[in-house]
Amino acid sequence: MTDYDTLLAGFRPVDVPAIPAAELSGRLDTLRHAMRAGGLDAVWLDATSSLTYYTGLALHASERLHGALVGADGSLTYVTPNFERPKLETMIRIPGAIAVWEEDEDPFALIPARVSDRIGLDPGMSFGFANRLMAANLSVTSAGPLIAAQRRIKSATELAILQTAMDASHAVQKAVHTGLRPGVTTGEVAAFVTAAHQALGLRHVFVAVQFGEATAYPHGVPYEQSLKDGDMVLVDLGGNLHGYHSDITRSYVFGTPTDRQRHLWDCEYRAQMAGFAAARPGVACADVDAAARGSLVADGFGPGYAVPGLPHRTGHGLGLDLHEEPWIVAGDTTPLAPGMCFSIEPMLCVYGECGVRLEDIAYMTEEGPRWFCAPSASLDRPFE
């Protein structure tokens, strides 16, 4: 049995190029083209992942207005508190003007002064900030559709970063499985996952570790568990590399599975594979959800969101946000297209007993979907 300290010592930082400035500039050009086609004079990018997507800036949202105004005319203006300007100047990758405001001034007056009429707002902007701009003498709309349409199609550089991040997190999952021992706590496993992501050069984002009956609940339970023979194990984890997220879940049994555990695992596996088989270019996201959910219904679970069964959506998009468009759920008619990345994770929940979630991320190609990492082959060989 290999202990977690030994496994941790074997990790080395991964390496892959970040998004180059030329690609960021190209994204801005594409956004401006869409703005002109939609009759927008400007788009406000708040301190969100969309600001990172277009400018490379990673800022934290706060009570202070801080972001960038993208003009359809080719202009780019960063808005910042004056005391933050020195730091901002060291972070800027795409040149632009800088507009500053002092603590006793109204920062929202800086934007209307630079926009003639129609402005699109970052969908991640807080309502309080958006409301201040809606009160100005501007025609305000959401820039969400323009931004989402662009962000959900990943470039080759983005796919390479995501692949590297997913490979790293898959290695962490495999190490967790290798190092499990009777009596280990969910907290000890979580601490190892955090340290392992950091050793691999990723920023640790999240980990959820559940044993036994606690695996039945999609977002876990508020108490620690200790591992014992025959427990179902569920580990969901993710890291961040150059701003892009990994996300992967594995479920398996510690020790010898019962016939019931094997049946539930096989039902979950069939549902995941049904979702993957349904995912093709041009197919609506909702159809992938329907295929996975239909497989579980055929195995006697559900229907719909009823438990025992699948109580949540089948998947979500992945990129600069851990959860982003497209949504693999009923009602999302977005057609799948090459470059889209999304999870397929139709978790089978049996409250009071156990749960099984197999979560893997797929990306769409012209020929069909591809997995970033190989899914589990069987309950007995979760990493082969």
Side-chain angles (χ1 to χ4, degrees), residues 1-2 7 166-167 169-184 186 189-190 192-193 207-221 225-238 247-277 291-302 307-312 314-315 343-362 371-384:
M1 183 179 295
T2 307
L7 291 164
M166 287 298 303
D167 286 342
S169 286
H170 188 267
V172 176
Q173 281 279 13
K174 189 173 182 179
V176 167
H177 179 261
T178 300
L180 287 176
R181 67 182 188 280
V184 70
T186 50
V189 176
F192 168 73
V193 170
V207 59
V209 184
Q210 297 150 242
F211 299 152
E213 190 264 343
T215 61
Y217 309 102
H219 289 162
V221 294
Q225 306 111 58
S226 296
L227 186 63
K228 59 183 182 299
D229 190 67
D231 273 348
M232 183 69 74
V233 176
L234 188 155
V235 181
D236 186 5
L237 55 81
D247 190 8
I248 182 170
T249 307
R250 287 291 177 264
S251 297
Y252 41 81
V253 174
F254 181 70
T256 302
T258 65
D259 290 343
R260 172 66 169 172
Q261 289 170 325
R262 191 175 298 280
H263 172 70
L264 294 175
W265 197 98
D266 289 345
C267 290
E268 165 70 2
Y269 177 79
R270 284 193 289 270
Q272 188 190 37
M273 292 301 109
F276 184 79
R293 204 172 298 277
S295 175
L296 288 172
V297 170
D299 276 325
F301 300 98
V307 176
L310 170 56
H312 56 66
T314 291
S343 70
I344 302 179
E345 47 174 317
M347 182 176 181
L348 175 54
C349 299
V350 185
Y351 296 161
E353 185 177 348
C354 70
V356 185
R357 179 163 68 242
L358 302 175
E359 178 188 15
D360 291 282
I361 308 299
W371 297 115
F372 279 104
C373 299
S376 293
S378 72
L379 175 57
D380 302 304
R381 300 185 305 278
F383 293 98
E384 292 181 20

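Every heavy atom of this structure was used, including side-chain atoms; hydrogens, water molecules and symmetry mates were not.
In terms of heavy-atom proximity, Glu353 sits nearest to Arg260 at OE2-NE, 2.8 Å. Nearest heavy atoms, Ala216 versus Gly352: CB-N, 4.3 Å. Here the closest non-hydrogen pair linking Glu384 and Ala377 is O-CB, 3.2 Å. Closest heavy-atom contact between Val207 and Ala190: CG1-CB, 3.7 Å. Looking at every heavy atom in both residues, Leu296 comes nearest to Pro346 through CD1-O, 4.0 Å.
The line from CG of Leu358 to CD of Glu345 is 10.0 Å long, rounded to the nearest 0.5 Å. Taking SG of Cys354 as the start and CZ of Phe211 as the end, the distance is 14.5 Å to the nearest 0.5 Å. A distance of 10.0 Å separates CH2 of Trp371 from CE of Met166, quoted to the nearest 0.5 Å. Atom CE of residue Met273 and atom OG of residue Ser295 lie 10.5 Å apart, to the nearest 0.5 angstrom. To the nearest 0.5 Å, atoms CG (Asp380) and CH2 (Trp265) are separated by 8.5 Å. Atom CD of Gln261 sits about 9.5 Å away from atom OG1 of Thr256, to the nearest 0.5 Å.
Looking at heavy atoms from C-beta onward, Cys267 lies in side-chain contact with Phe301 at the 4.5 angstrom threshold. The side-chain heavy atoms of Val221 and Gln210, taken from C-beta on, include no pair separated by under 4.5 Å. Under the 4.5 Å side-chain criterion, counting only non-hydrogen atoms from C-beta, Arg250 is in contact with Asp360. The shortest side-chain heavy-atom distance between Ser251 and Glu268 does not fall under the 4.5 Å cut-off. Looking only at side-chain heavy atoms (C-beta outward), Asp236 and Met347 stay at 4.5 Å or farther from each other. Put simply, the side chain of Phe254 reaches to within 4.5 Å of the side chain of Pro182, judged on heavy atoms. Taking 4.5 Å as the limit, every side-chain heavy atom of Ile248 sits out of range of all side-chain heavy atoms of Ile361. Side-chain contact between Pro311 and Tyr351 is present, with at least one heavy-atom pair separated by less than 4.5 Å.
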Donor-acceptor contacts under 3.5 Å from residues 226-233 side chains, at least two apart:
from: Lys228; atom 1: NZ; to: Asp231; atom 2: OD1; distance (Å): 3.3
from: Asp231; atom 1: OD2; to: Lys228; atom 2: N; distance (Å): 3.0

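Residues that satisfy the side-chain hydrogen bond (donor to acceptor under 3.5 Å, both in side chains) test with Asp266, not counting sequence neighbours, are absent from this structure. In this structure Ala175 satisfies the side chain to side chain contact (heavy atoms under 4.5 Å, CB included) test together with Leu7, Phe11, Phe192, sequence neighbours excluded.
Formation of a donor-acceptor pair under 3.5 Å by the Thr186 side chain with backbone atoms of Gln225 is found in this model. Between the side chain of Ser343 and the backbone N or O of Gly315, no donor-acceptor pair lies under 3.5 Å. Formation of a donor-acceptor pair under 3.5 Å by the Arg357 side chain with backbone atoms of Leu234 is not found in this model.
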Evaluate Val356 against Tyr269 for side chain to side chain contact (heavy atoms under 4.5 Å, CB included), listing each step before the verdict.
CA-CA 9 Å; Val356 185; Tyr269 177 79; over 6 Å; no
